[in-house]
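Here the structure is laid out as structure tokens; the discussion comes afterwards.
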There are 2 protein chains.
Amino acid sequence: MPDGVPKKPSRIQMRNRRVILDAALNVFSQHGYRGATLDQIAAEAGLSKPNILYYFQGKEQIHLTLLSQLMETWLDPLVELDADGDPKTEILDYVQRKLDMARDLPRESRLFAGEILQGAPRIGPRLESDLKPLFDQKCAVIAGWVKAGKIADIDPQHLIFSIWATTQHYADFEAQVTVLLGNATGSNDTASQHLRVMFGKMLCVNN
Amino acid sequence: MPDGVPKKPSRIQMRNRRVILDAALNVFSQHGYRGATLDQIAAEAGLSKPNILYYFQGKEQIHLTLLSQLMETWLDPLVELDADGDPKTEILDYVQRKLDMARDLPRESRLFAGEILQGAPRIGPRLESDLKPLFDQKCAVIAGWVKAGKIADIDPQHLIFSIWATTQHYADFEAQVTVLLGNATGSNDTASQHLRVMFGKMLCVNN
DNA sequence: GAAAATTTTTACCATTTGGTAAATCCACGA
DNA sequence: TCGTGGATTTACCAAATGGTAAAAATTTTC
């Protein structure tokens, strides 16, 4: 059986892979792909550099692994958008899920933002193969709601862009947001409330 | 006069500084601070690396110079927001100016986004000193409009965040937008129309 | 408990990168 | 046209960086 079953990873392999990926997520999300170094990742993971390269083929593979894992998580909230649900509720719930994700997974949000910002040099293909089909499908769903007069006449594509932009903003531009809000108050769900009002009014059929 | 007047720069100095900064903007906006190299900048500028270091003290100074110059341009559209104008018009025009800037200066938008994404390590102080006062002032203006019942009851801070996020999205996430829109049609002002409708409905007092 | 397999460390290496010193080139005013 | 000061190149350098080979340590298996 010269190449058949990849052999299941040992406990120690599982643990160290997780530790390395978590450390790499910290470093990559903060410094970008080129700004991150294997030494930093190794230090953060509490392992030696050669030991890291025992678990991953190289720097690029670590980055790619992170992006791949992230892609699934990233699409989840949109997958859940249900064509058979109440249109306004479905969209507002989607906004909330996206905002929750930016809150709970800011490192992932920044990792993704950094990759796209640089022209998606590594994840580009998966945008086409994974993201675009889902995007087109959900745009069609929303277009159906518009045509049926269930929500206001709005361009589905740009609606989704606006949802992404406004929700991810709180993770990706956190440094700026923190400065401007004075980060004193528990302004946590002020954003949630604002976005709920904003998209709520936008979808309203009257006026 | 051992240190008084800095002496006015020659034509060749003016030209080369501009050339270098333009090249650096290309490289920094595409690869981030650490991802950019002096060799890349030199190649892009058509100069040798030591020659670049003849005009700037180092890599960091080039980056800082770009960010400083950018800061002014960046704040301009918000400065123009007039407390004495028609509230809805003022805000919608501001959205349009921001969107125009994302269209005309995508490199600058990405440079800024990259810096903030990494925690604003170099421009942080100027967020406090330059951006925050202006932000607070304009928030007060908008809050006044809200209190006077001239626009809907909306949180000024988060309104501005939403405007920044949605407009800059088209520059910062261009790689993604291009994939998802199929970049075929002249979808240039579809975004403008969408944002106009979106923020227009949001500010509407009725309902 | 010894052999086999896996994991970790030590000691490197080639390349890249930001930066410097000094020699050379060149424009331009006297 | 010649000298002078600014502009440019050549030849480097030390540190950092991604990565490797092989020995040593450790765990697992029989």
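Below, chain A is the first sequence line, B the second, and so on; all start at residue 1.
Taking the six-membered ring where the residue is Trp, B:Phe173 and B:His169 present parallel rings, their angle staying beneath 30° rather than reaching 60°.
Distances shown here put a side-chain N or O of A:Gln13 below 4.0 Å from the OP1 or OP2 atom of C:dT7. For the OP1/OP2 pair of D:dT8 and a distance below 4.0 Å, the side-chain nitrogens and oxygens of B:Tyr54 include no atom meeting the criterion. Note on A:Asn51: every side-chain N or O is 4.0 Å or more away from OP1 and OP2 of C:dT7. Between B:Ser48 and D:dT9 there is a side-chain polar atom (N or O) within less than 4.0 angstrom of OP1 or OP2. Residue A:Arg34 places no side-chain N or O under 4.0 Å from the OP1 or OP2 atom of D:dT17.
The residue A:Tyr55 sits close only to the backbone: its heavy atoms come under 4.0 Å of sugar-phosphate atoms, none of a base. When heavy atoms are screened at a 4.0 angstrom cut-off, B:Ala42 is found touching no nucleic acid atom at all.
Mapping A:Gly35 and B:Leu47 onto DNA chain D by nearest heavy atom places B:Leu47 at the nucleotide closer to the 5' end.
Closest to the side chain of A:Leu53, out of C:dG19, D:dG19, C:dT8, is D:dG19. Closest contact between the side chain of B:Pro50 and the listed nucleotides D:dT9, D:dT8, C:dG18 involves D:dT9. Among D:dG18, C:dT8, D:dT8, the nucleotide with an atom closest to any side-chain atom of A:Leu38 is D:dG18.
Rounded to an integer number of Å, the gap from B:Asp39 CG to C:dT15 P is 15 Å. Atom pair A:His31:NE2 and D:dA16:C1' shows a separation of 15 Å (rounding to whole Å applied). When the C1' atom of D:dG19 is taken as reference, atom CD of A:Glu60 falls 14 Å away, rounded to whole Å. Between the CD1 atom of A:Ile52 and the C1' atom of C:dT10 there is a distance of 17 Å, rounded to whole Å. As a whole-Å value, the separation of A:Asn16 CG from C:dT6 P is 15 Å. When rounded to the nearest whole Å, the span between NZ of A:Lys49 and P of C:dA11 equals 15 Å. Counting to the nearest Å, the P atom of D:dG19 and the CD atom of A:Gln61 are 10 Å from each other. Separating the NZ atom of A:Lys59 from the C1' atom of D:dA16 is a distance of 12 Å, rounded to the nearest angstrom.
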Audit row: B:Asp100, B:Gln96, side chain to side chain donor-acceptor pair (under 3.5 Å) steps and yes/no: CA-CA 6 Å; B:Asp100 289 343; B:Gln96 189 61 51; 3.1 Å; yes
Side chain to side chain donor-acceptor pair (under 3.5 Å) assessment of A:His31 paired with B:Arg34: CA-CA 8 Å; A:His31 302 287; B:Arg34 284 219 49 196; over 6 Å; no
What's the verdict on side chain to side chain donor-acceptor pair (under 3.5 Å) for A:Asp86 and A:Thr89, showing C-alpha distance, side-chain angles and the deciding distance? CA-CA 5 Å; A:Asp86 173 62; A:Thr89 307; 2.6 Å; yes
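Within a 6.0 Å sphere centred on CD of B:Gln193, other residues, nucleotides and ligands contribute 12 heavy atoms or fewer.
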